[in-house]
Amino acid sequence: MQHGSARQETSVPPNTTPGNVTFNRGALAITGDWTLPAYQAIEQQLSRLPLHSRKPDTLDLANLGRIDTAGASLLADFLGPDRLEGFVENDPVLERDTAALLRIVARSLGQWKEPDIAEAPILSRWLSHIGERVESLGLLLWQLLGFMGQTLATLFSVLPHPGRWRVTAFVAAVQDTGLNALPIVALLTFLVGAVVAFLGATVLEDFGATIYTVNLVAFSFLREFGVLLAAILLAGRTASSFTAHIGAMKVNEELDAIRTLGLNPVELLVLPRVLAMMVSLPILTFVGMIAGMVGGALVCVLSLDISLGQFLAIVERDIALRHFLVGLSKAPVLAFLIAVIGCLEGFKVGGSAQSVGEHTTSSVVQSIFTVILLDAIAALFFMEMGW
Amino acid sequence: MTSIIQVRELCNRFGDNVVHLGLDLDLRRREILGVVGGSGTGKSVLLRSIIGLHRPTYGQIRIFGKNLLTLPPPERSKLEQRFGVLFQGGALFTSLNLQENVAIPLMEHIGLSRPDAEKLARVKLALTGLPASAARKYPSELSGGMVKRASLARALALDPEILFLDEPTAGLDPIGAAAFDQLLVTLRNALGLTVFLVTHDLDTLYATCDRVAVLSQQRVIIADTLERVAADPDPWIQDYFQGPRGRAASRAADDDRANPHGDGN
Ligand SMILES: Nc1ncnc2c1ncn2[C@@H]1O[C@H](COP(=O)(O)OP(=O)(O)OP(=O)(O)O)[C@@H](O)[C@H]1O
Ligand SMILES: [Mg+2]
């Protein structure tokens, strides 16, 4: 493997001559440097040569400068690997190293059979695309129902065995999904509360009924906005993090490792997250209701001449407890759905980073959609029931 | 002989874990340098430090006479195009299929059109011994050894001057590993490559390396020809080269030398 140091210096790229090819009466002459930077130029030259130059009688490599795998592959492609190898074998002056390179490129290309790929016509591709989308939509729903069932089944099989409760993971998830989200939920609902109060005041002023702003803020936050805003925030913040976390584990084959260790990924990864969400979201909802009403109260005090005492008195007199319960009762259900969607999308991730991104997007879209849809259905239901 | 990479007094520390302490190493032009050492002695960290992915705690690294970490970004990119890296884990882009993986640097840096780049990419894939059917597959659909080959093809994409290989033959079958050894030597001879080769594979060491550097006790304890390294009295080196595997590989290499070019070229 030792090589003479006499050639050491030639490997420093000196004055380079661009690669060139000429065809003259059956003799193909290759000169200059056949290296990657000259790839396109050489390729153009080759394409201008007449067709029969692909089967030359002789190949003249005497004035070849440097050649790398790119140049060798051009040559092999032009002449065909077998013919190139034949020329190389019979070339008396060719340097041994260059010959070895040409030979190895020609051989590997010779073993390489291009697979042909058939392109379907555009109409049938379009139709099959629509079919695929519809089918995947149905599959999505089916898988979600199945996964919810699996989660509940695992929950009930774990419940009687306190030894299998993952308390640490649960507490960590509560901290992440609940505690860490508190400030942003509080701030957001506070601002929306103030906005609702302003809107109410503007509209009600014409009727001389600005005092009802208090009822508007309290009703809307207890029944709807507290839980809705908190749920949407968690859908964006937590469902995406569940998907990305579980998806990255899937890409890294960690889920397979969990299974082969005889553990259940649903029990290990999904249950603590789902339960933590079901604890966190009601708490966040409560905080959201309070913060929204504080925001509304601030606007009332500062710009509507309703004192804080008056505000509280109206709330106590006019707002029944059931409004609070109606709002709060939705929180665990929404939390369950958000968490399950986030985890399921994580499990659906394929083997690539791109797939993690796609499923994270999908989990956020799905969970926000579900939250709003379910909230609308619930509003109808509660209204019909007169609650 | 000129050395194109100089590492001087390199120190690397992660918290309390001192990985390198006063490490010196030279990589000479056109040589294949094998880097060996026990697991966790910092071979991969050394490689990452040299190619500028890891900022050393202390010490100087010059590659083509320049310090990568202090270069302005355009010059750094120019320099980086002159070396190819095969990472220990493969590090293929999972969202691209194999020929796209290899074609990316060709399109970005050389400005080839996509069909040209992909054609050339297929040549590189063929060179590393992958079958044609693999070109349109995604990394997640491949076996471990195929991932290794594809990442070698990507490292070779720009026909670089220096190749950094982190355990390229781990996960290859013995036939594939031998073909890899031959490919490496052919490329070095024909293209004048310089190779920094981290390996645990004794056969590769015997078949390809001009010099071997041994990492132990947080530095390079010896960097010399294989014969001289194998004769070093250091107990770890003795265990390494005189253990059952070391002796078998050494015998196999001797047989090869007695009967060269067994493949009939
Ligand atoms: N990012 C990091 N953070 C903390 N410690 C690290 C980091 N990278 C490496 N190390 C530590 O540096 C040491 C050397 O790691 P390195 O990966 O270089 O080993 P290696 O010699 O390549 O081993 P192997 O042969 O198993 O690949 C190890 O102890 C490892 O724990
Ligand atoms: Mg390593």
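Residue numbers start from 1 in every chain, and the chains themselves are labelled A, B, ... in the order their sequence lines are given, proteins ahead of strands.
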| remark: The reported gap from CG in B:Leu127 to CD1 in A:Ile104 (rounded to nearest 0.5 angstrom) is 6.5 Å
| field | Within 6.0 Å of NE2 in A:His129, more than 12 heavy atoms from elsewhere | value | no
| Over 12 non-hydrogen atoms of neighbours within 6.0 angstrom of CD1 in B:Ile175 | no
| query | Would a distance-only check, ignoring hydrogens and angles, find a side-chain to backbone donor-acceptor pair under 3.5 Å from B:Ser95 to A:Gln354? | reply | yes
| Under 6.0 Å from the CD atom of B:Glu141, do we count more than 12 heavy atoms belonging to anything else shown? | yes
| Gap between atom NZ of B:Lys119 and atom CG of A:Asp77 - 0.5 Å precision | 4.5 Å
| message | Please classify the contact between B:Ile32 and chain A as side chain, backbone, both or neither, with a heavy-atom cut-off of under 4.5 Å. | response | neither
| task | Under 4.5 Å heavy-atom distance to chain B, tell me which part of A:Leu102 shows up: side chain, backbone, both or neither. | result | neither
| message | With a 4.5 angstrom heavy-atom cut-off, is it the side chain or the backbone of B:Leu96 that approaches chain A, or both, or neither? | response | neither
| query | Rounded to the nearest 0.5 Å, how far apart are CZ of A:Arg66 and CG of B:Leu191? | reply | 9.0 Å
| query | OG1 of A:Thr69 to CG of B:Leu120: how many Å apart, nearest 0.5 Å? | reply | 6.5 Å
| request: First locate atom OG of A:Ser73, then atom NZ of B:Lys124, and finally report the distance between them rounded to the nearest 0.5 Å. | output: 7.0 Å
| Any donor-acceptor pair under 3.5 Å linking the side chain of B:Thr186 with the backbone of A:Leu101? | no
| Is the number of heavy atoms from other residues, nucleotides or ligands within 6.0 Å of CZ (A:Arg133) greater than 12? | no
| message | Using heavy-atom distances under 4.5 Å, tell me whether B:Leu183 contacts chain A through its side chain, its backbone, both, or neither. | response | both
| said: A quick test of your reading: do over 12 heavy atoms of other residues, nucleotides or ligands sit less than 6.0 Å from CD1 of A:Ile122? | reply: no
| query | Out of curiosity, B:Leu106 CG to A:Leu36 CG, how far, rounded to the nearest 0.5 Å? | reply | 6.0 Å
| In terms of heavy-atom proximity below 4.5 Å to chain B, should A:Glu43 be classed as side chain, backbone, both, or neither? | side chain
